[in-house]
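The next block holds one structure in the form of structure tokens; read it before the comments.
Below, chain A is the first sequence line, B the second, and so on; all start at residue 1. Just so it is clear, the structure is predicted and the values come from calculations on it, not from any experiment. Values below: all heavy atoms of this structure, side chains included; hydrogens, waters and symmetry mates excluded.
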2 protein chains.
Amino acid sequence: MTYAIAEAAHRSGLSIDTLRYYERIELIDPPARDSGGRRAYSDDDLNWLAFLTRLRTTGMPIKLMREYARLRHQGVASAAPRKRILERHREDVLARLADLRSCLDVLDYKIDNYERMCAAETTELREATA
Amino acid sequence: MTYAIAEAAHRSGLSIDTLRYYERIELIDPPARDSGGRRAYSDDDLNWLAFLTRLRTTGMPIKLMREYARLRHQGVASAAPRKRILERHREDVLARLADLRSCLDVLDYKIDNYERMCAAETTELREATA
DNA sequence: AGTTGACCTGGAGTGCACTCCAGCTTCTAC
DNA sequence: GTAGAAGCTGGAGTGCACTCCAGGTCAACT
């Protein structure tokens, strides 16, 4: 099964331009081409894209993704360094999760304050117009 | 208590340049100045900076922070719209937390795979050299 | 009085991750 | 056989959030 670029974009959640951009910067391998010279993405291509978008979602910079992609080409021999990249990245993600959660607490606290402020105001208003 | 810009930078975790930048774009009010025309940040200034950095950590774009800062100047009257901004942002943060967690699962899965790959390789090596 | 270091201003430059564009080709449908 | 949609290329442009710089001021120490 192969997919035209529009379909690949749709399935990966990336834009057509971004797919071509990722190819240019060697984040993905040039996909096969159909008889008319158009890109024909394979399921493997899409799987790799899906993984890349996860890395992106977790905030991995493109440079590091490229490094990872480069290692992938070396096959099994590069399993160890690839693992190291993912492990380090995992730590980053965990740290960010913790940060996010603690900021969320502050946000909740603030919202709660506004809640009370608005409630107080409403009460005042009711009393004033009573 | 007031703080020179270097101290304010240190305490807020922002760079000196970023502090001046935030002032230029009206994210923070111009702090007081000492006799020599140098910025003298107050505790209030630092508290506001601390909150801004939380918003930043949670990925709020500067534009929205500016909007929030603008509303703040209108005092109590703007409590409701400010609350709305924080509530919407809270939803964003929750969504990102969920995304991050699900991506983390994929990451864990991949790392686990590499774990097995490396273990298998080691075993092979041991067998080959035995 | 002179040197050093922190700070000042306005403006230019940077890095990242796309995003858009002009001008061209190729398939599909009528 | 022609119109329109989808895709192609190389290169330029965008938005965001800083970051850096030149050239100057000010205060404190020696």
Earlier contact from the 5' end, DNA chain D, for A:Arg33 and B:Tyr21: A:Arg33
Leading and trailing nucleotides of DNA chain D with any atom under 4.0 Å from heavy atoms of chain A: D:dA6 to D:dG11
Neighbour count >12 (heavy atoms, 6.0 Å) for atom CZ, A:Arg70: yes
Of residues 42-73 of chain A, the positions that come close to DNA chain C - non-hydrogen atoms, cut-off under 4.0 Å: A:Arg56, A:Pro61, A:Ile62
Just the atom pairs and distances: protein N or O near nucleotides 25-30 of chain C's N or O, under 3.5 Å.
from, atom 1, to, atom 2, distance (Å)
C:dT26, O2, A:Arg38, NH2, 2.8
C:dC27, OP1, A:Gly36, N, 3.2

Side-chain donor or acceptor of B:Arg90 paired with backbone N/O of A:Leu107 under 3.5 Å: no
Neighbour count above 12 (heavy atom, 6.0 Å) for A:Arg88 CZ: no
Pairwise distance CG(A:Leu94) to OG1(A:Thr58) - rounded to 0.5 angstrom: 11.0 Å
Contact under 4.0 Å: B:Arg39 side-chain N or O vs C:dT9 OP1/OP2: yes
Min side-chain heavy-atom separation B:Ser78-B:His73 under 4.5 Å: no
Intermediate values then yes/no, side-chain hydrogen bond (donor to acceptor under 3.5 Å, both in side chains), B:Asp105 and B:Ser102: CA-CA 5 Å; B:Asp105 289 344; B:Ser102 93; over 6 Å; no
The single option from A:Arg82, A:Lys83, A:Arg84 passing salt bridge (Lys or Arg N to Asp or Glu O under 4.0 Å) against B:Glu115: A:Lys83
Whether A:Trp48 side chain and A:Asp43 backbone form a donor-acceptor pair below 3.5 Å: no
Side chains of A:Phe51 and B:Lys110 in contact at under 4.5 Å (non-hydrogen atoms): yes
Worked check of side chain to side chain contact (heavy atoms under 4.5 Å, CB included) between B:Leu19 and B:Leu49: CA-CA 9 Å; B:Leu19 284 177; B:Leu49 276 172; 3.5 Å; yes
